[in-house]
Amino acid sequence: MSKRATKGIGDGGRTLIQVLEDNERLYRETGCYAGITQPHVLKQDPIRAELFHWRIMAALISGRETTRMVSGSPYVREVAELCLGLYTPEGDNIAQSTGIQVHIRLMGDNIRWMVKMNYEEEVGIRDGDLFIANDPVISGMHAADVYDMLPIFWEKELVCWVSTVIMEMDVGAVSPGCMPTPNVERGTDGLKFCCEKYGTKDRINRDFEHKINISLDMADIFLLDRKGAVAANVRVRKEIHNIIKEFGIDFFKQGILELIEEERRAQTMRIKQRTIPGRYRSVVPCEFQMAKQPVAWTPANVDVLRLVPVQMDVTTAGKMVLDFEGTGEWGWHPFNGTPQALWGGVSIVTVQILSYDGRANLGSLLPMEVKTPTEDTLLNPKFIKKLATSTPWAPLLDVFGMWSHLLGMTFYLRGFREETFNYRSSAGWQMAGYDQMGNKRPLMAAGTGNFGPGACGVCDGIDCGGWLATPEVDLGSVEVWELFVPHMEISRRFEPYSTGYGRFRSGVALPTQAMIHRTMKCVGSGAIGCAHDRLIPNIGQFGGYSGGRRNTLMVRYKDFAGMLERQEPLLHELGFLGDLQQRLGDQLKDVGLLPAPMEVIEGDILIAASGAGGGLGDPLERDTRAIEADMDEELSTEWMAKSIYCVKAEYDKQAKRWKIDDAASEQMRAAKRKERISRGVPVKDWWRKSRQRFLAHDYDPQIVEMYQSSARLSTSFAQEIRDFWAAPEDFTL
């Protein structure tokens, strides 16, 4: 350990630890960020203040575009899986560029960790130093998200940090893809960087480059991303220096703190304005199908269900509290999350649904409280340093899709019906093997523009526009993915059966269908962005249906070569899956939520069909003209018109459009309402019958174990279940 410095690199000669402790103390004492009870610098000249903020934003966005131009990764160029953030010396977010909004707090938590670990003295933080991190045990979602951090000095004082995050195609994971699913232990995730210094004087160390070249199949892409991140960070540093010259160092140092405090106040007002105080609750079922996965640690070979209760308390003071009490136990799988990762989900939803005016920063999160989940639950494993953490997205996207659903409910109740929203993610394929050029490496196409979001309170959801992690929802260029992955896109057609029905329907999702082409050896495996398969999250609102079931399928034709020679059509439209199974027979394989690694060969068609978000309102109240339009656009079917919306539709061959008989439809809808009433039973009768099943444990054994898992870790959850069913005190779940 080096000798303690007599003067720190922080404001006023303080050490960074002192700066951090002082700001935390001031926030506790005053309830205002950095103790700023009376913001004054930005209020003195609002026009100058606005210019100051947008000069910072312009610097970050231009830096982000610099990265995109340097990187060779389609993740960066096509999916925009990156962003830049500016941070205070102790790691608090000041501003964030466009792009994936997960990392507002997570990038800063890495900086705070370095501050708390006394990097200032024991490692050294100097002008031009480059730091890299991707270990979720410290902070982050999964190892594929790599953070590049650069300190920015002014006259030997650290005034801020800039950080870039990029999702990497290859981090050296053992199993297929950058988000491997069969792995259950930490070492199989790939390379982990624990806030390491990997360069000085704005240059990447040569020994680091050697390490990457030896360790990764796609070392060229990884290193180009690092160079892109360094170029972006250096560009931002130059712009920050220009801003300081223009506005003055005193204005800059006070202004960045006031930007956070002003956003905290604005967020508090938004919550008061747009929500109804109270308690909002739901539950997310998670399915982890590991029984058939090829793992070295055999205790991992078990299929389990886990519950994640989601409770949002909105207070009259403009605060939101998220509580996950009752979450089930962790397991030997890569889907365990961390308390830090929960803040990634909070950031996504907060920025996209509440703080969408471009001013999001740490202040957007300060009115939020996330209660730390009980230790040894799925969201807080005590054993986390031993576990794989490659895919916590599986439960977290479902959890925060449900939170967006709860937010949508409170917005609707307050009258902000346009803001009502929810979403679902999906699952699909990733691979490892030889590409078209004979290079062995991970292979995954990751276009994000195929999700159907939930309905809002005044209209249908936007078709294929529901990927909440980044606002830049884009399918990307097919041709680019076909250069990186040995497959050919077969079709891009809307899938009506993905829809969440209602007075307003969800957006329609777009299945991905790709044929394996020109690889000498390739292994396919699961790519997981959700944790539901048979149990669909209940995100239909006010009588609306949840979206359709998601499906991961593979088609292997028995005579593929003969079909090509005879010029017979390949599968290009899914339609109703029951009909598809009948048409293809054993050539169609449903591989479930989590397909185990399997060899895929020339001509195999890999399908990932997403279920959409939830509908809103009773489907019987849907405007018949909207149903006609959907049918004409092939976004709905005659079966849906009859069975779901209860309307009579006929196709006019001469006019080439569908026509609904309104009089007959009204009769059908009236009959359906009477049928509903006839099928209804009093709640007390339903409760008594269901209670008998509950007390007899008359459920699937996995569901029984799911409740037992939550009850083992939460006495309050167990007691609430007993109270609801009026079970004896000695009754065990």
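Computed from heavy atoms alone, side chains included, the values below leave out hydrogens, waters and symmetry copies.
In this structure, Asp630 pairs ionically with Arg622, as a charged nitrogen and a carboxylate oxygen lie closer than 4.0 Å. Ion pairing between a basic and an acidic side chain is recognised when a charged N comes within 4.0 Å of a carboxylate O; Arg679 and Glu675 show such pairing. Under the 4.0 Å criterion applied to side-chain N and carboxylate O atoms, Arg493 and Glu573 are assigned as salt-bridge partners. Between Glu628 and Arg625, at least one side-chain N (NZ, or NE/NH1/NH2) sits under 4.0 Å from a carboxylate O, which counts as a salt bridge. Electrostatic pairing of Asp559 and Arg566 counts as a salt bridge here, judged by a charged N lying under 4.0 Å from a carboxylate O. Using a 4.0 Å cut-off between a side-chain N of Lys or Arg and a carboxylate O of Asp or Glu, Arg281 and Glu720 qualify as a salt bridge. Contact check on Asp303 versus Arg534 returns no salt bridge, with no Lys/Arg side-chain nitrogen under 4.0 Å from an Asp/Glu carboxylate oxygen.
No donor-acceptor contact under 3.5 angstrom links the side chains of Arg424 and Ser610, judged on distance only. A donor-acceptor pair shorter than 3.5 Å can be found between the side chains of Glu602 and His517. Remark: the Arg550 side chain and the His532 side chain contain no N/O donor-acceptor pair separated by less than 3.5 Å. Judged by distance alone, the side chains of Thr275 and Thr410 never bring a donor and an acceptor atom under 3.5 Å apart. Side-chain polar atoms of His572 and Gln513 form no donor-acceptor pair below 3.5 angstrom. For the 3.5 Å distance criterion, the side chains of Tyr423 and Ser404 fail to qualify, holding no donor opposite an acceptor. Inspection of the Asn450 and Thr512 side chains reveals no N or O donor paired with an N or O acceptor under 3.5 Å.
Shortest non-hydrogen contact noted between Gly543 and Pro619 is O-CD, 3.7 Å. Scanning both residues, Pro180 and Gly177, for their nearest heavy atoms gives CD-O, 4.0 Å. Residues Met290 and Val302 come closest through the heavy atom pair CB-O, 3.4 Å. Contact record, Trp429 with Ile607: NE1-O, 3.2 Å, taken as the closest heavy-atom pair. The shortest non-hydrogen separation linking Val458 to Glu418 is CG2-CG, 3.9 Å. Taking each heavy atom of Val308 and Leu378 in turn, the nearest pair found is CG2-CD2, 4.1 Å.
Side-chain contact between Val314 and Met312: present, with at least one pair of heavy atoms (C-beta onward) separated by less than 4.5 Å. Contact check for Val600 versus Val523: no side-chain heavy atoms found under the 4.5 Å cut-off. Using a 4.5 Å cut-off on side-chain heavy atoms (C-beta onward), Asp398 and Cys286 make no contact. Using a 4.5 Å heavy-atom threshold, the side chains of Tyr707 and Phe717 count as touching. Looking at heavy atoms from C-beta onward, Ser506 lies in side-chain contact with Thr499 at the 4.5 angstrom threshold. Annotation: side chain of Asp618 is not in contact with side chain of Phe542 (no heavy-atom distance under 4.5 Å). Using a 4.5 Å heavy-atom threshold, the side chains of Gln293 and Pro597 count as touching. Between Leu620 and Lys672 there is a side-chain heavy-atom pair separated by less than 4.5 Å.
In this pair, Tyr501 and Tyr545 present their aromatic rings perpendicular. The plane angle is above 60°, beyond the 30 to 60° band. Ring pair Phe694/His697 is tilted by interplanar angle, where 30° to 60° counts as tilted. Ring planes of Trp725 and Trp687: parallel class, angle under 30° (limits at 30 and 60°).
A side-chain donor-acceptor contact under 3.5 Å links Glu495 to the backbone of Tyr497. Gln352 contributes no side-chain N or O that, together with a main-chain N or O of Thr350, makes up a donor-acceptor pair within less than 3.5 Å. Between the side chain of Gln436 and the main chain of Glu482, a donor-acceptor pair closer than 3.5 Å is present. Proximity of a side-chain donor or acceptor of Thr391 to a complementary backbone N or O of Ala394 within less than 3.5 Å is not detected. In this structure, the side chain of Glu287 engages the main chain of Leu535 through a donor-acceptor pair within 3.5 Å. Panel note: side chain Gln430, backbone Ser525; no donor-acceptor pair is recorded below 3.5 Å. Between the Asn551 side chain and the Arg549 main chain, a donor and an acceptor come within less than 3.5 Å of each other. Asp463 places no side-chain N or O within donor-acceptor distance of the main-chain N or O of Ala509, the cut-off being under 3.5 Å. Asn422 places a side-chain N or O within donor-acceptor distance of the main-chain N or O of Ile539, the cut-off being under 3.5 Å. The backbone N or O of Pro537 lies less than 3.5 Å from a partner atom in the side chain of Ser546, making a donor-acceptor pair.
Here the CG-NE2 distance, from Leu443 to His487, works out to 9.5 Å after rounding to the nearest 0.5 Å. Distance check: Met179 CE to Phe335 CZ gives 9.5 Å after rounding to the nearest 0.5 Å. Note that the CG atom of Leu584 and the NZ atom of Lys558 stand 10.5 Å from one another [nearest 0.5 Å]. Between Leu594 atom CG and Asp533 atom CG the span is 9.5 Å, to the nearest 0.5 Å. In this structure, Leu570 CG and Leu564 CG are separated by 6.0 Å, a value rounded to the nearest 0.5 Å. Note: Leu342 CG to Leu379 CG = 5.0 Å, rounded to the nearest 0.5 Å.
The 12-atom threshold is exceeded at CD of Glu568, counting heavy atoms of other residues, nucleotides or ligands nearer than 6.0 Å. Enclosure of atom CZ in Arg669 by more than 12 non-hydrogen atoms of other residues, nucleotides or ligands within 6.0 angstrom is indicated. With a 6.0 Å radius and a threshold of 12 heavy atoms from other residues, nucleotides or ligands, Gln581 has its CD atom above the threshold. Within a 6.0 Å radius of CD1 in Ile462, other residues, nucleotides and ligands contribute 12 heavy atoms or fewer.
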inquiry  = Let's go through Trp658 and Asp652 carefully: what are the C-alpha distance in whole Å and the side-chain angles of both, what is the deciding distance for side-chain contact (heavy atoms from CB on, under 4.5 Å) to 0.1 Å, and is it a yes or a no?
reply    = CA-CA 6 Å; Trp658 286 92; Asp652 187 333; over 6 Å; no
task = I would like to know whether Arg306 and Ser709 meet side chain to side chain donor-acceptor pair (under 3.5 Å); could you show each step before the answer?
result = CA-CA 7 Å; Arg306 290 291 176 260; Ser709 175; 3.3 Å; yes
message = Show, in sequence, the C-alpha distance, side-chain angles and deciding distance for Phe504 and Asp623, and conclude whether the side-chain contact (heavy atoms from CB on, under 4.5 Å) test is met.
response = CA-CA 9 Å; Phe504 300 115; Asp623 188 339; over 6 Å; no
Verdict with supporting geometry, Thr327 and Phe324, side-chain contact (heavy atoms from CB on, under 4.5 Å) = CA-CA 6 Å; Thr327 298; Phe324 305 99; 3.6 Å; yes
ask   = What do the steps show when you test Arg556 against Gln587 for side chain to side chain donor-acceptor pair (under 3.5 Å), and what is the final call?
value = CA-CA 5 Å; Arg556 177 170 292 175; Gln587 296 179 121; over 6 Å; no
task = In sequence, state the C-alpha distance, the side-chain angles, and the governing distance for Thr552 and Leu593, and then conclude on side-chain contact (heavy atoms from CB on, under 4.5 Å).
result = CA-CA 7 Å; Thr552 310; Leu593 176 66; over 6 Å; no
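Both the sub-6.0 Å distance and the 45° axial angle are not jointly satisfied by Arg274 relative to the ring of Phe411.
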